[in-house]
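Just below is one structure, and these are the notes that go with it.
Note that these values count all heavy atoms, side chains included, but never hydrogens, waters or copies made by symmetry.
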Amino acid sequence: MNDFVGTGTLVRLALRRDRILIPVWIVVFVISAAGSAKASIDLYSDPKSLAEAARTSNASPALVSLYGRIFDESSLGEVSLFKFTAFGALLVGLLAAMLVVRHTRTEEESGRLELLSAGVVGRYAALTAALIVSSGTVVLLGLLTALSLIGSGLPATGSFAFGAMWAAAGLSFAGVGAVTAQVTEGARAANGLTAAVLGVAYVLRAIGDSASNGSMQWVSWLSPIGWSQQVRAYAGDRFVVVLVPLAFMALTVAGAMALIRRRDVGAGLVRPRPGPPTAAPSLRSPLALAWRLHRGAFYGWLFAFLLLGLLVGNIASNVDGFVTSDSAKEMVEKLGGVNGITDAFLATEMGVMGLLASAFGIQAALRLRSEETALRAEPLLATDVTRSRWLASHVLMALLGTGALILVAGLGSGISSGASLGNTGRQVPRMLAAAAVQLPAIWLVTALVVILFGAAPKLVTGGWVLYGVFLLIGQFGSVFNLPQSVINLSPYGHTPRLPGGDFSVTPVIWLTAIAAALTLAGFATFRRRDIG
């Protein structure tokens, strides 16, 4: 039998399963890039303010480490999108890799791929179909992003180079996902290994970009994110560099296909370590089990949020120099605060970290559905563990986990910004307060997943769709001058803008009350439905 037979059928199946998820994330990426371009074109209306902003960014090691270097300080397109160059490539790469793992290792772990393989499905069909879907997604994302940037008023050549840069990053990490899916026996382990590779790639890129001399800049070329960045959209448009990630993808895909022949369906190259015959006392409760299941991902997120908080706080001391024109200061204050450009910047970035923390909450709450569909919940509930206790254990991990993440980010921002500004004793409590007010909106989004799990479990991934909609409205509603009634649909639009803004307890109470009501409704509906 042909090793690729059945690929087309599996492609159609994957597209049907992701018919909502893929379009939503494409729209999120496209609108994010176009919104940033449109806002920046309005902000930097004269070459002097543009050059000053670029020089200030390049002079800040923290900014360069976080976002990358601006290669052409006179390029409006590059300055407009420098936050989306390396960081955007990271996110596109994560999307591409997770799509590959979702349609390979996840299918094997659930047993569905083994059933399909009993029919007319070749050995390489599943991996090939996953790569087609993942690659097609990032190529379409890059093309639509380029067209949206052209529509925003940026040069066509640079816009297509930017789209090619994002697509190249996605293709590179689609290959990484193909390899990690062969190594482990679990989808979460494969995604964790992929995230580790992404983290190393981002750090290597940061080391090379922030090097003060040419002796270490070559380190960026060890990173797929660094390769994408070297396309230099709007600053030379070096399309030939795209050949490097394409060659990398070809090598990783060839390696993944070679590894497929060395393992059985459902097995990984690295066998999981067998556990003890009896559980330790610390694991003999639903909450302890939930902690065991979530702790690996939580530790990774916690470290990332601490690092991000420290970086954002360090950048705060340079904001006055980065935003030079009056129109730029007015826009940042509009987005993030009212009592100073530094507070406005910190409030805006804390809002972004609130959005990121919500992603962990959604991921943690979705573990309920994966445990149910993998038939691990039913045997547990056949014991004296009640439905409410089981559900509560995972919901607590989601709620407490997001709280820990955002507060650690606030603590890191307070320490770092306080050290930079010379007032640590004042900044730490201010930033912790700014972090704490994000929690009601974060918990509301998590509660939406809980109610979907209880009432309509097959639609539970719609939590990601709602998250994408809230992200767009919250981040770009004011930029696009959307009506206030539309902006009010996003819970993030009701969060007080701290530090620097006016605090009102009313929206905090309402958001918390709605989150609590949705969570309780999720518990009530789950108790009434069948498992599975």
Side-chain angles (χ1 to χ4, degrees), residues 11-39 80-81 83-103 129-152 154 156 158-177 191 194 198 224-225 228 231 233 242 245 249 352 355-356 358-359 362-363 366 445 459 461-477 479-480 482 490:
V11 168
R12 291 191 293 273
L13 176 62
L15 290 175
R16 179 174 177 79
R17 290 186 61 202
D18 291 341
R19 63 187 181 277
I20 296 177
L21 188 64
I22 289 177
V24 166
W25 281 110
I26 288 177
V27 169
V28 168
F29 278 105
V30 171
I31 294 184
S32 297
S36 177
K38 185 178 184 300
S80 299
L81 296 165
K83 284 189 176 182
F84 289 92
T85 303
F87 194 66
L90 172 74
L91 295 178
V92 174
L94 181 62
L95 172 64
M98 292 184 70
L99 282 175
V100 173
V101 173
R102 171 176 167 80
H103 295 294
L131 288 168
I132 290 173
V133 171
S134 179
S135 301
T137 297
V138 297
V139 169
L140 179 61
L141 187 155
L143 177 61
L144 294 179
T145 299
L147 295 176
S148 70
L149 293 175
I150 294 172
S152 298
L154 294 179
S159 298
F160 281 113
F162 187 87
M165 175 202 70
W166 268 8
L171 293 174
S172 295
F173 287 102
V176 172
N191 283 327
T194 301
L198 277 161
I225 297 175
S228 300
V231 173
V242 175
M249 181 188 183
V352 171
L355 285 166
L356 295 176
S358 299
I362 294 172
Q363 182 189 63
L366 286 175
V445 174
L459 302 178
T461 54
W464 286 116
V465 177
L466 294 172
Y467 173 69
V469 172
F470 294 153
L471 187 153
L472 292 175
I473 295 175
Q475 289 298 103
F476 300 104
V479 173
F480 291 121
L482 294 178
S490 170

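In this structure, G170 and A96 approach most closely via the heavy-atom pair O-CB, 3.1 Å. The minimum heavy-atom distance between V242 and A168, with the atom names listed, is CG1-CB, 4.2 Å. Taking each heavy atom of W464 and Q363 in turn, the nearest pair found is CZ2-N, 4.3 Å. Scanning all heavy atoms of the two residues, the minimum distance from A33 to W166 falls at CB-CH2, 4.0 Å. Contact record, P224 with S172: CB-CB, 3.9 Å, taken as the closest heavy-atom pair. Minimum interatomic distance between L141 and V30 (heavy atoms only, all atoms of both residues): O-CG2, 4.2 Å.
Here the straight-line distance linking atom NE2 of H103 with atom CZ of R17 works out to 6.0 Å at 0.5 Å rounding. Taking OG of S159 as the start and CG of L149 as the end, the distance is 4.5 Å to the nearest 0.5 Å. Summarising the geometry, atom CG belonging to L91 is positioned 5.0 Å from atom CZ belonging to F29; distances are rounded to the nearest 0.5 Å. Atom CG of L466 sits about 8.0 Å away from atom CD1 of I362, to the nearest 0.5 Å. Rounded to the nearest 0.5 Å, atoms CG (L21) and CD1 (I26) are 10.0 Å apart.
Between F173 and I225 the shortest side-chain heavy-atom distance falls below 4.5 Å. When side chains are defined from C-beta on, I22 does not count as touching L140, because their heavy atoms never get closer than 4.5 Å. Counting heavy atoms from C-beta on, the side chains of F160 and I150 come closer than 4.5 Å.
Ring pair W25/Y467 is tilted by interplanar angle, where 30° to 60° counts as tilted.
With respect to F162, the side-chain contact (heavy atoms from CB on, under 4.5 Å) criterion is satisfied by exactly one of V231, T85, L154: T85. Each of D18, L131, V138, L94 was compared with L99 under the side-chain contact (heavy atoms from CB on, under 4.5 Å) criterion, and only D18 meets it.
Surrounding CZ of R16 are at most 12 heavy atoms belonging to other residues, nucleotides or ligands under 6.0 Å away.
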